[in-house]
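Each chain gets a letter, A, B and so on, in the order the sequences are listed, and its residues count up from 1.
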Protein chains: 2
Amino acid sequence: MPPLTRARIVAAAIELIEREGADAVSMRRIAAELGVGVMSLYNHVPNKSALLDGVAEAVLSEIEFTDDPAAHWTERVRVQARTFRQIAHHYPRSTMVVVSRQLASTAGMLPVERALATLRGAGFDGREAVQIFRVFIAYVVGSLLREVGVTPGFAPVHRGDIRVADVDVQLFPEIGALSPHLLSCDHDAEFDFGLDLLIEAIAVRKQNARG
Amino acid sequence: MPPLTRARIVAAAIELIEREGADAVSMRRIAAELGVGVMSLYNHVPNKSALLDGVAEAVLSEIEFTDDPAAHWTERVRVQARTFRQIAHHYPRSTMVVVSRQLASTAGMLPVERALATLRGAGFDGREAVQIFRVFIAYVVGSLLREVGVTPGFAPVHRGDIRVADVDVQLFPEIGALSPHLLSCDHDAEFDFGLDLLIEAIAVRKQNARG
DNA sequence: CCTCCTACACGTACGGCGTACGTACGACAG
DNA sequence: CTGTCGTACGTACGCCGTACGTGTAGGAGG
């Protein structure tokens with residue numbers, strides 16, 4: 001067995017989270033997974049919270065930006081948002097850990113740097129770039145939260161949204177009428193829909209400011 | 001002392017969450033807060049998870065829609081989103097509980113009903129209404145997550161974003177240059193900025209579809 | 001070679017958690 | 001008066017994070 005290492009511990013934590021959910025994560029479970037004693041972990045990680053920070057950092061650092069600097073900024077923003085979402089989908093349950101945790105590591109900052117550079121390159125000033133960046137972050141994180149919350153990991157069985165039969169159609173006529181659309185969801189398409197909406201709106205506003 | 005009741009338990013839980021944070025919530029703490037034995041709670045609540053569902057439901061049910069049916073749909077959507085955010089700010093720490101939890105109660109459905117009715121009244125078909133609704137939900141929830149994560153509850157002290165001094169300006173020039181904008185944030189203004197962006201984009205797209 | 005030191009794996013133990021289970025007691029029905 | 005039921009409660013079990021002390025293997029200094 002290779003020596004115990006912070007990286008190995010984090011990897012085991014991620015694997016455990018993906019397999020059994022974030023609630024199943026405990027120092028004891030992780031130690032058992034690695035075949036070591038519980039307290040051995042503490043030689044490489046100061047505490048559980050730091051370990052989860054490590055998980056967030058590891059997930060974030062897997063983002064690979066295949067960014068084409070020659071492309072139009074709208075396309076670059078689109079690609080960056082999609083990339084972020086894609087890796088989140090690779091680790092759906094760990095994503096919950098990532099978003100529910102303040103990230104102050106360098107791994108979390110690289111995507112920020114890229115996004116800001118793209119926006120500034122598009123001609124936005126500092127204030128605008130940060131503001132736009134925050135809007136995108138909010139949208140992407142909000143989308144992920146809904147998607148992975150609904151994801152059939154296998155804990156929340158059969159409740160994509162709400163049991164339609166149970167809703168009082170008198171009280172909630174719209175929900176009743178639109179239940180087919182509420183129950184089905186092409187996550188990819190809907191994500192792109194909102195993403196394009198935002199990009200379009202910003203592009204339009206940019207045009208107006210210059211015109 | 002009034003008799004123990006599900007409502008009183010939920011209220012105590014919310015108060016405790018707001019005062020000491022979500023991590024401080026335990027059945028024992030809540031029972032102590034109410035001056036009762038731990039197991040007495042279980043006569044009114046099946047388990048802790050259901051209690052937290054109750055917290056989410058209670059928070060959501062405090063949303064009051066002062067909705068003007070005569071107003072333009074863009075204004076109505078704006079008001080609804082702002083209202084949602086406002087009550088979330090009234091219970092900042094409980095909001096984390098709300099968004100991190102699947103809500104299937106009638107309290108959670110009323111805002112949905114209102115929003116869908118507004119969109120359908122504006123002339124969107126069912127699929128469009130649901131799609132647009134989901135985009136707004138994602139944006140609002142994502143914004144709240146960032147805002148309350150940064151909120152100086154008093155647990156996460158002095159790390160609004162990232163210690164600027166610690167970032168390597170060589171590696172992250174944009175972050176270094178834009179740090180003044182990254183560190184300060186007028187949450188109200190920035191929320192409205194993104195909200196208006198979305199509404200504008202949808203309005204434009206609607207115009208084009210009809211034109 | 002022996003010795004000492006450091007680093008790391010590990011066991012034990014403490015306080016806190018959610019909650020299953022059994023008990024005690026007051027209110028009300030017959 | 002007696003039986004039933006709903007509620008408050010104590011105890012106990014198996015988890016949890018982690019402080020602390022111990023054992024040991026491997027490298028450095030003599």
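We find that B/Arg85 and B/Glu147 are joined by a salt bridge, their nearest charged nitrogen and carboxylate oxygen being less than 4.0 Å apart. The pair B/Arg28-B/Glu33 does not meet the salt-bridge criterion, since no charged nitrogen lies less than 4.0 angstrom from a carboxylate oxygen. A salt bridge links B/Arg78 with B/Asp196: the closest approach of a Lys/Arg side-chain nitrogen to an acidic carboxylate oxygen falls below 4.0 angstrom.
Distance, A/Leu51 CG to D/dC16 P: 14 Å, rounded to whole Å. If you take CG of B/Leu41 and C1' of C/dG18, they are 11 Å apart, rounded to a whole angstrom. A straight line from CD1 of A/Ile30 to P of C/dC10 spans 16 Å, rounded to a whole angstrom.
Listed pair B/Ser40 / D/dC9 meets the phosphate criterion, a side-chain N or O lying under 4.0 Å from OP1 or OP2. For C/dA7, the OP1/OP2 oxygens have no side-chain nitrogen or oxygen of A/His44 closer than 4.0 Å.
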Which letter, B, S or -, goes with each nucleotide of nucleotides 17-25 of chain D from 5' to 3', with contact meaning a protein heavy atom under 4.0 Å?
BBBB-----
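Checking B/Glu113, B/Glu75, B/Gln80 one by one against B/Thr118, the side chain to side chain donor-acceptor pair (under 3.5 Å) holds for a single residue, B/Gln80.
Under a 3.5 Å cut-off, the side chain of A/Ser26 and the backbone N or O of A/Arg29 do form a donor-acceptor pair.
Ring orientation note: the planes of B/Phe191 and B/Tyr139 are close to parallel, at an angle under 30° on the 30°/60° scale.
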